[in-house]
Amino acid sequence: MNKSQKHTARQQLQQRLGYTFRQPELLQQALTHRSAGKNNNERLEFVGDGIVNFVVAQMLYHAFPDLPEGRLSVLRTHLVKEAALAEMARELGVGAALTLGVGELKSGGHDRPSILADALEALFAAIRLDADLPTVERIIQQLFSQRIAHIDQHQPAKDNKTRLQEALQACRLPLPKYRIEKQTGEGEHAQFDVSCDLGELGKITYAHAHSRREAEQECARQALLWLEEHQPALSKNHKKRR
């Protein structure tokens, strides 16, 4: 990606965030991975992590006045974990705006969940430093409002993908493989068709959603239901193999 394309990507990112930086150097730092140099986003990510946890916790506190602290903690974990932040970063187009070292460029760092999640948190910190806390609170609230409105307050502490992974590992089976079968639109208009392949079990589940994460979670949920129905036989067969 050349400088002109990256400049355009950063302009589009600011438009999607609803915020234009007064100090471009803060935006540059927030989007610079440590592989690209010393003036990277690690310190900003440290601050941004605290900011997003605080704002989301406050939003959950007001959204669910009857939930105890333990359930609120579970919900916050689901909302601000690496995979969820990376998905949000993809929707905003963070990957195209990143500055990465040569090694990360070659290995697909623009779409690596850890890099995307860290960059998003760094952006929150950069906005706080460029403006003030109320401004970044407003932006985080806008980004998380729909996710909180549709969150299942009774969901288990572990999400479906984690539960599926653990169930397969318990049977000494390979991990599932998720694949995007089709993607249309961008940002809030994106649509994803995703599959989850259970490999040697011969089972593939499919799901359609507005984000890759949601589609993968739905695929995993369907796979769990299928696995739970067949698990006794699977466990017996795998014990014989051992």
Side-chain angles (χ1 to χ4, degrees), residues 56-57 59-60 63-64 66-91 108 111-117 143-242:
V56 170
M59 292 176 73
L60 289 169
F64 303 105
D66 298 324
L67 285 186
E69 180 272 338
R71 292 303 305 165
L72 291 174
S73 293
V74 169
L75 296 183
R76 182 178 62 178
T77 297
H78 278 279
L79 289 164
V80 303
K81 65 184 178 181
E82 180 181 286
L85 292 178
E87 186 63 40
M88 183 178 288
R90 290 188 186 99
E91 293 170 5
D111 195 50
R112 183 164 295 123
S114 59
I115 291 178
L116 289 172
L143 291 173
F144 280 90
S145 60
Q146 286 301 308
R147 284 170 167 80
I148 289 177
H150 293 98
I151 197 169
D152 177 9
Q153 59 181 291
H154 303 296
Q155 64 183 296
K158 295 178 180 178
D159 63 24
N160 290 324
K161 288 181 66 176
T162 301
R163 292 169 59 215
L164 176 60
Q165 178 177 317
E166 292 178 349
L168 292 173
Q169 288 175 325
C171 295
R172 298 195 176 183
L173 290 164
L175 297 181
K177 294 182 179 179
Y178 297 92
R179 176 177 148 183
I180 298 177
E181 301 290 341
K182 182 181 179 182
Q183 177 183 349
T184 58
E186 294 183 2
E188 61 181 11
H189 302 296
Q191 300 279 336
F192 293 86
D193 290 301
V194 172
S195 65
C196 173
D197 188 347
L198 299 187
E200 65 185 77
L201 297 180
K203 178 66 176 178
I204 301 177
T205 60
Y206 299 90
H208 176 85
H210 290 289
S211 74
R212 184 168 76 175
R213 177 177 175 273
E214 289 179 12
E216 288 179 350
Q217 289 291 343
E218 175 57 22
C219 280
R221 186 189 70 81
Q222 295 176 27
L224 273 171
L225 291 174
W226 182 88
L227 189 62
E228 287 168 2
E229 182 180 346
H230 295 80
Q231 191 167 5
L234 289 173
S235 299
K236 183 178 180 180
N237 289 339
H238 279 76
K239 283 179 181 177
K240 287 180 180 178
R241 290 185 202 176
R242 297 198 300 269

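- Atom NZ of residue K177 and atom CG of residue D197 lie 7.5 Å apart, to the nearest 0.5 angstrom.
- Qualifying side-chain hydrogen bond (donor to acceptor under 3.5 Å, both in side chains) partners for R147, counting only residues two or more places apart in sequence or in other chains: E91.
- E82 pairs by the salt bridge (Lys or Arg N to Asp or Glu O under 4.0 Å) definition with nothing, not counting sequence neighbours.
- Rounded to the nearest 0.5 Å, atoms CG (L67) and CG (L60) are 8.5 Å apart.
- You'll find the side chain of L164 stays beyond 4.5 Å of the side chain of K161, heavy atoms only.
- By the side-chain hydrogen bond (donor to acceptor under 3.5 Å, both in side chains) test, Q146 pairs with no residue at all, sequence neighbours left out.
- Counting all heavy atoms, side chain and backbone alike, E87 lies closest to R212 at OE2-N, 3.2 Å.
- Considering only residues two or more places apart in sequence or on other chains, R221 meets the side-chain hydrogen bond (donor to acceptor under 3.5 Å, both in side chains) condition with E218.
- Distance check: T205 OG1 to E216 CD gives 10.5 Å after rounding to the nearest 0.5 Å.
- For S73, the side-chain hydrogen bond (donor to acceptor under 3.5 Å, both in side chains) partners at least two apart in sequence or on another chain are E69.
- Note that CD1 of I204 is 8.5 Å distant from CG of L198, once rounded to the nearest 0.5 Å.
- Using a cut-off of 4.0 Å between Lys/Arg side-chain N and Asp/Glu carboxylate O, D111 and R90 are scored as salt-bridged.
- Listed by chain and number, the residues in a salt bridge (Lys or Arg N to Asp or Glu O under 4.0 Å) with D193 amount to none (sequence neighbours excluded).
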